[in-house]
Amino acid sequence: MATIRQVQVTFDCAEPERLARFWCEVLGYVVPPPPEGFATWDAYKESQPPEERDAWFACVDPSGAGPRLYFQRVPEGKVVKNRVHLDVRVGTGLVGEERLAALEAECARLVPLGAVRERLLYDGHDACIVMQDIEGNEFCLD
């Protein structure tokens, strides 16, 4: 059996491009070039049948180290808590007040982008801020 070396994280969502661009801002990811034969993403969209336009979008880590994020439009809305979520690792190696300050600074950057702060988990040493993205998907600042 072959060893799997890459994974893609897929989000079911209402607005794929909007959510992809939000995560580009959060993670420093970029929108990949449009499919071969198209100068722009708008040109690609125009080539699609109306019911398929805006059905998906993606973003990638420009360094190639992180997984590709894929966003696909689904008809139903989110109704329950995520069973899997992303941890955005902004406080790695930090503890106590220094860690808390790094998490709070990142939270302050993301809220104007449309993220929602849910709650802070802090025991004086370790900390995590539970957040929601612009479509209500939970993630943590860790």
Side-chain angles (χ1 to χ4, degrees), residues 2-48 50-142:
T3 301
I4 305 300
R5 301 255 184 240
Q6 293 184 351
V7 297
Q8 170 176 282
V9 178
T10 300
F11 290 73
D12 290 349
C13 59
E15 297 180 73
E17 184 172 351
R18 181 172 174 250
L19 191 55
R21 291 187 184 280
F22 169 84
W23 281 103
C24 281
E25 289 294 323
V26 172
L27 300 174
Y29 273 35
V30 297
V31 173
E36 190 171 324
F38 297 93
T40 66
W41 278 103
D42 287 337
Y44 173 75
K45 287 181 200 177
E46 288 300 315
S47 75
Q48 300 298 299
E51 66 276 4
E52 293 180 23
R53 288 184 191 148
D54 301 314
W56 65 272
F57 212 76
C59 61
V60 296
D61 179 351
S63 75
R68 178 179 191 243
L69 302 182
Y70 182 82
F71 304 85
Q72 61 187 9
R73 185 178 61 218
V74 296
E76 67 278 357
K78 182 180 177 305
V79 294
V80 298
K81 183 183 182 309
N82 299 14
R83 295 293 302 255
V84 174
H85 67 267
L86 299 183
D87 283 347
V88 179
R89 309 293 314 271
V90 296
T92 303
L94 303 175
V95 296
E97 293 297 318
E98 189 178 17
R99 179 178 178 83
L100 183 59
L103 298 178
E104 292 290 0
E106 184 65 2
C107 181
R109 184 181 79 85
L110 299 181
V111 168
L113 299 175
V116 175
R117 179 188 180 123
E118 283 192 5
R119 68 187 172 281
L120 169 67
L121 305 172
Y122 182 54
D123 65 7
H125 178 73
D126 202 8
C128 169
I129 300 176
V130 180
M131 308 277 295
Q132 288 184 9
D133 71 15
I134 59 175
E135 288 202 9
N137 299 301
E138 295 86 8
F139 69 97
C140 292
L141 298 180
D142 174 40

Check the pair Glu138 / Arg83 against salt bridge (charged side-chain N to carboxylate O under 4.0 Å, His left out), numbers first and verdict last.
CA-CA 9 Å; Glu138 295 86 8; Arg83 295 293 302 255; over 6 Å; no

Do other residues, nucleotides or ligands put more than 12 heavy atoms under 6.0 Å from the CD atom of Gln8?
yes

>> Between Glu36 and Tyr44, is the side-chain hydrogen bond (donor to acceptor under 3.5 Å, both in side chains) condition met? List the steps.
In response: CA-CA 9 Å; Glu36 190 171 324; Tyr44 173 75; over 6 Å; no

- Query: Any side-chain donor-acceptor pair under 3.5 Å between Ser63 and Asp61?
  - Reply: yes

In short, salt bridge (Lys or Arg N to Asp or Glu O under 4.0 Å) pairs touching residues 119-134 with sequence neighbours left out are Arg99-Asp126

Contacts satisfying ring-ring contact (aromatic ring centres under 6.0 Å, His included) that involve residues 123-142 (not counting sequence neighbours) are Trp23-Phe139

Test side-chain hydrogen bond (donor to acceptor under 3.5 Å, both in side chains) on Gln72 and Asp12 and set out the steps. CA-CA 5 Å; Gln72 61 187 9; Asp12 290 349; 2.7 Å; yes

d(Leu141 CG, Leu121 CG) to nearest 0.5 Å is 11.0 Å

Of Leu100, Leu94, Val95, the one forming a side chain to side chain contact (heavy atoms under 4.5 Å, CB included) with Glu98 is Leu94

Applying salt bridge (charged side-chain N to carboxylate O under 4.0 Å, His left out) to Glu17 and not counting sequence neighbours gives Arg21, Lys45

The complete set of salt bridge (Lys or Arg N to Asp or Glu O under 4.0 Å) pairs with one or both residues in residues 105-115, sequence neighbours excluded, reads Glu106-Arg109

dist Cys140:SG -> Leu103:CG (nearest 0.5 Å) comes out at 10.0 Å

Applying salt bridge (charged side-chain N to carboxylate O under 4.0 Å, His left out) to Arg53 and not counting sequence neighbours gives none

| Centroid-centroid under 6.0 Å between Phe71 and Phe57 rings | no

For Arg18, the salt bridge (charged side-chain N to carboxylate O under 4.0 Å, His left out) test, sequence neighbours excluded, returns Glu15

